[in-house]
**Student:** 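For reference, the structure I am asking about is given below.
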2 protein chains.
Amino acid sequence: MDVDTRVLRYFVAVAECLSFTEAANRLYVAQPSLSRQIKQLEARLGTDLFVRASSAITLTRAGEALLDAARQQLSGWQHTLRLVRTAAAAESNVVRVGFVATGGGALARQARAVFTERYPDATIAPKRFDWGGEAQALRDGLADIAFVWLPADLTGLRSRVVADEQRWVAMRSSHPLARQDKIRIDDLRDEPLMWTRVASPEWVDWWAVNPRPDGSTAVWGRENDNVEEMLEHVATATSGVCIGPESMASYYTHPDLTWRPLVDVDPLRIALAWPEDSASPLVARFAEIASALADQPSPD
Amino acid sequence: MDVDTRVLRYFVAVAECLSFTEAANRLYVAQPSLSRQIKQLEARLGTDLFVRASSAITLTRAGEALLDAARQQLSGWQHTLRLVRTAAAAESNVVRVGFVATGGGALARQARAVFTERYPDATIAPKRFDWGGEAQALRDGLADIAFVWLPADLTGLRSRVVADEQRWVAMRSSHPLARQDKIRIDDLRDEPLMWTRVASPEWVDWWAVNPRPDGSTAVWGRENDNVEEMLEHVATATSGVCIGPESMASYYTHPDLTWRPLVDVDPLRIALAWPEDSASPLVARFAEIASALADQPSPD
DNA sequence: TGTGCCCATACGTTTCAGGCATGGACGTCG
DNA sequence: CGACGTCCATGCCTGAAACGTATGGGCACA
């Protein structure tokens with residue numbers, strides 16, 4: 001009997017929600033469609049998966065068995081996807097270097113230059129991801145190695161910290177704070193801070209410096225997925241600022257924006273990370289080069 | 001990205017044949033359809049899986065990675081199917097007893113009677129399969145326990161031999177051999193023997209008594225999938241006989257058929273078998289009952 | 001008893017897999 | 001060297017299936 005990962009996803013969603021309606025919302029499909037898919041799955045399996053009692057549905061034994069197995073099938077397929085994508089890149093001697101915004105900054109560019117000179121047959125493919133997406137991209141096989149902004153979930157990855165950068169603040173040039181040479185976190189007490197749903201809460205709180213030294217927490221501004229959207233918000237919204245690493249101030253200049261150093265917070269730490277089971281020698285070489293550069297005194 | 005076990009089967013077939021045309025035949029689909037499915041899979045994965053060179057196709061690295069993983073996915077799904085079906089039967093206290101033709105004969109009926117008396121809340125569901133299908137049915141989760149005719153592939157199963165039966169020969173009543181009280185294998189030297197594609201070659205050869213004591217091999221008659229088809233062939237074909245266990249002579253009487261004992265060949269051995277990882281206590285109880293009955297002197 | 005929630009069903013639409021026919025590239029053989 | 005066979009790709013049509021909207025029915029709760 002054939003089956004689709006889609007219906008397995010549908011089934012897992014219903015089993016987790018124990019509600020067709022709620023699962024349909026989560027899956028962005030109409031509820032009748034979901035009902036039909038589950039019913040068809042039950043018909044093909046020859047057994048009910050849910051007990052539809054009034055105002056509550058529960059899993060049958062067969063449903064419980066399928067829930068475990070379906071989760072394994074789905075994660076197995078994710079793993080397969082990663083292997084295939086990685087193999088495809090490796091075959092064509094491509095190293096996909098994941099990053100967010102300015103990523104690894106100057107170190108990344110130096111590493112790329114050395115790598116390209118040493119392995120002229122290989123190609124570096126920079127891959128930009130949305131906030132907090134670079135670590136997951138490694139697990140999904142969408143990148144072979146990445147400059148990961150900490151904090152991040154490094155499960156399944158090998159990593160080493162290769163750089164750090166002071167944090168700066170961006171604001172509209174007309175903003176009162178733009179008259180200061182440097183910013184302290186207390187200055188941002190009432191400033192709406194741009195934030196994102198696509199990264200983890202830990203990531204968002206770290207950037208927002210939550211909790212603040214005085215025990216307060218950030219005021220949230222506009223939501224965004226990546227650096228361009230974030231800066232667009234800051235440049236156009238009536239209020240609000242954003243925080244980024246120092247390199248962002250030079251990489252993303254903007255006529256309406258002013259960058260100022262945020263002097264009393266921890267710097268951003270940047271890790272180079274790659275999958276634990278990475279078998280690509282080119283990835284290992286790139287990691288060695290970047291590590292060696294990180295150990296040298298910075299030429300800046 | 002979603003995927004279907006069907007396209008994984010398609011991919012594995014092409015990868016194993018290294019030919020679209022041959023794989024299409026094996027899969028019983030038209031070659032253009034197969035080409036399109038593979039091409040679409042490649043597009044969704046974002047990488048080629050095959051190198052289409054003139055007069056030979058080969059796997060890319062990504063294809064090799066997918067081949068391994070797809071085989072695992074497919075066998076994983078088979079395993080899942082078994083778990084779900086088994087759980088469904090266990091939930092409703094049903095023990096599905098697999099068999100072929102007369103299956104375990106008198107012993108099976110006795111076991112069922114004892115089991116039903118001892119566990120009145122449970123239900124025995126006899127499940128008949130085509131030639132040689134009962135062991136695979138256990139692995140596929142289509143039966144919980146089965147009377148398996150040996151020889152059979154018992155991989156993944158626990159088993160014990162519980163009965164044996166002399167083999168008999170069925171022929172048209174007008175057949176010259178029907179005048180004999182008993183048949184010897186040499187008498188069948190030139191008789192076309194009914195056979196099947198659905199069981200393993202070892203199974204077919206064992207029933208055909210290949211090779212014969214004189215070194216010859218059977219002459220093949222009509223092909224069939226199960227006992228009714230087989231007997232229909234014997235009753236209507238101009239020539240040919242079939243061999244079955246003694247119980248078949250009493251279970252499948254037929255006005256045009258005559259059964260005679262085949263006196264100089266090994267008897268059929270019947271094993272009771274169930275999955276190694278069977279967790280159902282009812283299955284264990286059934287196995288104990290049948291085993292105990294097998295150890296008693298036969299009441300026949 | 002009316003209302004809201006939740007799941008199932010009906011129906012029309014779109015998408016997609018499959019079959020048939022055909023085209024193009026390449027190798028082989030007369 | 002040309003005709004033919006083999007093999008994979010493409011075009012076109014058909015049938016099946018999935019999705020969405022609208023609607024019906026059962027149950028809880030007010």
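Within every chain, numbering begins at 1; the chains are lettered A, B, ... in the order of the sequence lines, protein sequences first and strands thereafter. Reckoned from all heavy atoms, side chains included, excluding hydrogens, waters and symmetry mates.
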**Student:** My understanding is that only residues two or more places apart in sequence, or in another chain, count here; which of them pass salt bridge (charged side-chain N to carboxylate O under 4.0 Å, His left out) with B/Arg128?
**Tutor:** B/Glu228
**Student:** Whole-Å distance between C/dT15 C1' and B/Asp2 CG?
**Tutor:**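 After rounding, the gap between these two atoms is 15 Å.
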**Student:** Output all residues satisfying ring pair (Phe, Tyr, Trp, His ring centres under 6.0 Å) with A/Phe286, sequence neighbours left out; order by chain, then residue number.
**Tutor:** A/Phe115
**Student:** Apply the side-chain hydrogen bond (donor to acceptor under 3.5 Å, both in side chains) test between A/Trp131 and each candidate in A/Thr196, A/Asn224, A/Asp225; give the one that qualifies.
**Tutor:** A/Asn224
**Student:** If only side-chain N and O atoms of A/Gln40 are considered, is one of them under 4.0 Å from the OP1 or OP2 phosphate oxygen of D/dA17?
**Tutor:**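 It does not, given that no N or O in the side chain of A/Gln40 lies less than 4.0 Å from OP1 or OP2 of D/dA17.
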**Student:** What is the distance, to the nearest angstrom, from the CG atom on A/Leu34 to the P atom on D/dA17?
**Tutor:** 19 Å
**Student:** Is there a side-chain polar atom (N or O) of A/Arg6 under 4.0 Å from OP1 or OP2 of C/dC16?
**Tutor:**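 For A/Arg6, the contact criterion (side-chain N or O under 4.0 Å from OP1 or OP2 of C/dC16) is not met.
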**Student:** Between A/Arg52 and A/Glu42, does any side-chain N to carboxylate O distance fall below 4.0 Å?
**Tutor:**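 A salt bridge links A/Arg52 with A/Glu42.
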**Student:** Could you state the CG-P distance from B/Leu41 to C/dC16, rounded to the nearest angstrom?
**Tutor:** 15 Å
**Student:** Looking at every strand, decide which applies to A/Phe50 at a 4.0 Å heavy-atom threshold: base, sugar-phosphate, or nothing.
**Tutor:** nothing
**Student:** Extract from the structure each pairing of a protein N or O with an N or O of nucleotides 8-11 of chain D at less than 3.5 Å, listing the distance.
**Tutor:**
residue	atom	partner	partner atom	Å
D/dC8	OP1	B/Phe20	N	3.1
D/dC8	OP2	B/Phe20	N	3.4
D/dC8	OP2	B/Thr21	N	2.8
D/dC8	OP2	B/Thr21	OG1	2.5
D/dA9	OP1	B/Arg52	NE	2.5
D/dA9	OP2	B/Ser35	OG	2.6
D/dA9	N7	B/Gln31	NE2	2.9
D/dA9	N6	B/Gln31	OE1	3.4
D/dT10	OP2	B/Lys39	NZ	2.3
D/dG11	O6	B/Arg36	NH1	3.3

**Student:** Would you mind reading off the bend of the helix from C/dT1-D/dA30 to C/dG30-D/dC1 from its two end axes, five pairs each, to 10 degrees?
**Tutor:** 10°
**Student:** For B/Val51, what residues pass the side-chain contact (heavy atoms from CB on, under 4.5 Å) criterion, not counting sequence neighbours?
**Tutor:** B/Thr58, B/Thr60
**Student:** When the distance from CZ of B/Arg44 to C1' of C/dC16 is rounded to whole Å, what number comes out?
**Tutor:**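 Spelled out: CZ on B/Arg44 to C1' on C/dC16 is 11 Å.
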**Student:** Rounded to whole Å, please give me the gap between CG in A/Leu27 and C1' in C/dC7.
**Tutor:** 16 Å
**Student:** Could you give the CD1-to-P distance, from B/Ile38 to C/dG18, as a whole number of Å?
**Tutor:**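 Roughly 11 Å, once rounded to whole Å.
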**Student:** Which residues satisfy the side-chain contact (heavy atoms from CB on, under 4.5 Å) test with A/Ala88, sequence neighbours excluded?
**Tutor:**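 Partners of A/Ala88 by the side-chain contact (heavy atoms from CB on, under 4.5 Å) criterion, ordered by chain and then number, come out as B/Thr47, B/Ala62.
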**Student:** Sequence neighbours excluded, which residues qualify as ring pair (Phe, Tyr, Trp, His ring centres under 6.0 Å) partners of A/Tyr10?
**Tutor:**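 With neighbours one apart ignored, the set is empty.
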**Student:** Begin from the C-alpha positions of A/Val3 and B/Asp4 and carry the test side chain to side chain contact (heavy atoms under 4.5 Å, CB included) through to its verdict.
**Tutor:** CA-CA 6 Å; A/Val3 74; B/Asp4 194 327; 5.9 Å; no
**Student:** Taking atom C1' of D/dC7 as reference, at what distance in whole Å does atom CG of B/Asn25 sit?
**Tutor:**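 Those two atoms, CG and C1', are 12 Å apart.
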**Student:** Would you jot down, in residue-number order, the residues of residues 58-66 of chain B having a non-hydrogen atom under 4.0 Å from DNA chain C?
**Tutor:**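 Residues of residues 58-66 of chain B that come under 4.0 Å of DNA chain C do not exist, since none gets that close.
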**Student:** May I ask you to evaluate whether B/Tyr28 reaches the phosphate of C/dG19, defined as a side-chain N or O under 4.0 Å from OP1 or OP2?
**Tutor:**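 The answer is no; no side-chain N or O of B/Tyr28 sits under 4.0 Å from OP1 or OP2.
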**Student:** Quick one: list whatever passes ring pair (Phe, Tyr, Trp, His ring centres under 6.0 Å) with B/Trp77, sequence neighbours left out.
**Tutor:**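 B/Trp77 satisfies ring pair (Phe, Tyr, Trp, His ring centres under 6.0 Å) with no residue once adjacent residues are dropped.
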**Student:** Go through the structure and list residues passing ring pair (Phe, Tyr, Trp, His ring centres under 6.0 Å) with B/Phe147, not counting sequence neighbours.
**Tutor:**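 By the ring pair (Phe, Tyr, Trp, His ring centres under 6.0 Å) rule, B/Phe147 matches no residue at all.
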**Student:** Not counting sequence neighbours, which residues clear side-chain contact (heavy atoms from CB on, under 4.5 Å) with A/Gln72? List them please.
**Tutor:** none
**Student:** Report the distance from atom CZ of B/Arg26 to atom C1' of D/dC7, rounded to the nearest whole Å.
**Tutor:**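 After rounding, the gap between these two atoms is 18 Å.
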**Student:** Just jot down the side-chain contact (heavy atoms from CB on, under 4.5 Å) partners of B/Ala125, sequence neighbours excluded, or say none.
**Tutor:** B/Val94, B/Arg96, B/Lys127
